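In what follows, a single structure is set out as structure tokens and then discussed.
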Amino acid sequence: MPKPKTIKHVALLFAMQDEALPLIRRLELADKGYLSPPMPMRWYDGAVGRLRVDVIVMGADRRFGIDCIGTQPAAVATQLVLDKLDPDLLINAGTCGGFIKRGGTIGKVYLTGGPFYFHDRRIPLPPFEKYADGGWQLCDVEEWCGALGLEQGAVSSGNSLDMNDDDASRIEAVATVAKDMEAAAIAWVADQHDKPLCAVKAVTDLVDGEHPTHEEFERHLHTASDALSDTLVQFLNHLNEPTP
Ligand code: SAH
């Protein structure tokens, strides 16, 4: 597992503008425009003390004009970030579905280094099954979780906001605490580069709760994004502290 020794530079990847804006405003990051035209990813840059902080937001889809959520923009963005910025640590920040049965509550924030799984890649050919599921563990976050009072756990990604029965059983099999649409795609790229990755995910909706996911997501997006930015500021301040 890659373990960052000295961290002087981090890059945070967000899928949605609304998830990223509270942090961009609080850190007064400079708008650097597009990371790599004609791709839609937006780039913001600044610092927390001596720690250089880059924020990448997937940007607006050229055809549909909405945030580029999901796996392929996340993978492309990760490659571009590694080529152009080469941070010491990648952080996938965003919202997720949580699970009541694993202690999830609206606005709860997880900090995890994995494992990062896919739950919607079904390839029943022996050598490809494990590849399809992923399960990358890409950072040791034990000390950070202890210092910040945060929980870690498995993240599972797929390209749908809802889930079918097969997705549900894969999600259950790995005791997922955070269901999202980007982390595993970022993890695959990070792993090819042997680059540490952690995820900071705030719960917008409870997958095993009684409300439809899309309604809960819309209702709690802003609350969860504020909780996310509070935790990210604490985390970045912690990374900026000299290690004893
Ligand atoms: N309906 C929303 C679209 C949000 S898609 C809108 O109109 O703006 C969900 C985004 O939040 C993805 O980037 C994903 O990573 C995250 N997410 C939050 N809850 C999720 C869940 N239950 N399942 C999958 N992804 C979720």
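Side chains included, hydrogens not; waters and symmetry mates left out as well; all remaining heavy atoms used. Note that ligands are numbered from 1 as they come in the structure, with each ligand's atoms numbered from 1 the same way. From a predicted model like this one, the values you see are computed outputs, not experimental measurements.
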Whether Lys108 side chain and Gly98 backbone form a donor-acceptor pair below 3.5 Å: no
To the nearest 0.1 Å, how far is atom 15 (O) of ligand 1 from its closest protein heavy atom, and which atom is that? Glu182 OE1, 2.5 Å
So which heavy atom in the protein is nearest atom 2 (C) of ligand 1, and how far is it from that ligand atom? Phe217 CE2, 3.4 Å
Same cluster or not: are Leu23 and Val53 linked, directly or through other Ile, Leu, Val, Met, Phe, Trp or Tyr residues, by side-chain heavy atoms under 4.5 angstrom apart? yes
Would you say the ring centers of Trp144 and Phe235 fall short of 6.0 Å from each other? yes
With heavy atoms of Ala15 as the reference, note each atom of ligand 1 found under 4.0 Å away. 13 (O)
Selection residues 90-106 - residue pairs positive for side chain to side chain donor-acceptor pair (under 3.5 Å), sequence neighbours left out: Glu19-Thr95, Asn92-Lys201, Lys101-Glu172, Arg102-Glu172
Among all the protein's non-hydrogen atoms, which is closest to atom 23 (N) of ligand 1, and how far away is it? Lys179 NZ, 2.9 Å
Please state which part of Glu218 comes within less than 4.0 Å of ligand 1, counting heavy atoms only: side chain, backbone, both or neither. side chain
Interatomic distance, Glu241 atom CD to Leu51 atom CG [nearest 0.5 angstrom]: 11.0 Å
If we only consider heavy atoms of Met16, is any one of them less than 4.0 Å away from an atom in ligand 1? yes
Any N or O of Gly97 closer than 3.5 Å to N or O of ligand 1: yes
For a quick test of your reading: what N or O donor-acceptor pairs under 3.5 Å do the side chains of residues 112-121 make, sequence neighbours left out?
| from | atom 1 | to | atom 2 | distance (Å) |
| --- | --- | --- | --- | --- |
| Thr112 | OG1 | Gly114 | N | 3.1 |
| Thr112 | OG1 | Gly114 | O | 3.0 |
| Thr112 | OG1 | Gly153 | N | 3.4 |
| Thr112 | OG1 | Gly153 | O | 2.6 |
| His119 | ND1 | Ser156 | OG | 2.8 |
| His119 | ND1 | Ser157 | O | 3.4 |
| Asp120 | OD2 | Asn159 | N | 2.8 |
| Arg121 | NE | Ala132 | O | 3.0 |
| Arg121 | NH2 | Tyr131 | O | 3.0 |
| Arg121 | NH2 | Ala132 | O | 3.4 |

Pairs of nitrogen or oxygen atoms closer than 3.5 Å, one from Thr213 and one from ligand 1: do any exist? no
With heavy atoms under 4.0 Å as the rule, classify the contact between Cys96 and ligand 1 as side chain, backbone, both or neither. backbone
Taking atom CD1 of Ile186 and atom CH2 of Trp136, what is their separation to the nearest 0.5 Å? 11.5 Å
Measure the distances from the heavy atoms of Met163 to every atom of ligand 1 and state whether one is below 4.0 angstrom. no
Indicate yes or no for a side-chain donor-acceptor contact from Gln192 to the backbone of Trp188 under 3.5 Å, with no hydrogens or angles considered. yes
If you scan protein heavy atoms around atom 22 (N) of ligand 1, the nearest is Asp205 OD2, 2.7 Å
Nearest non-hydrogen contact with atom 16 (C) of ligand 1 belongs to which option: Asp180, Thr95, Thr204, Ile69? Thr95
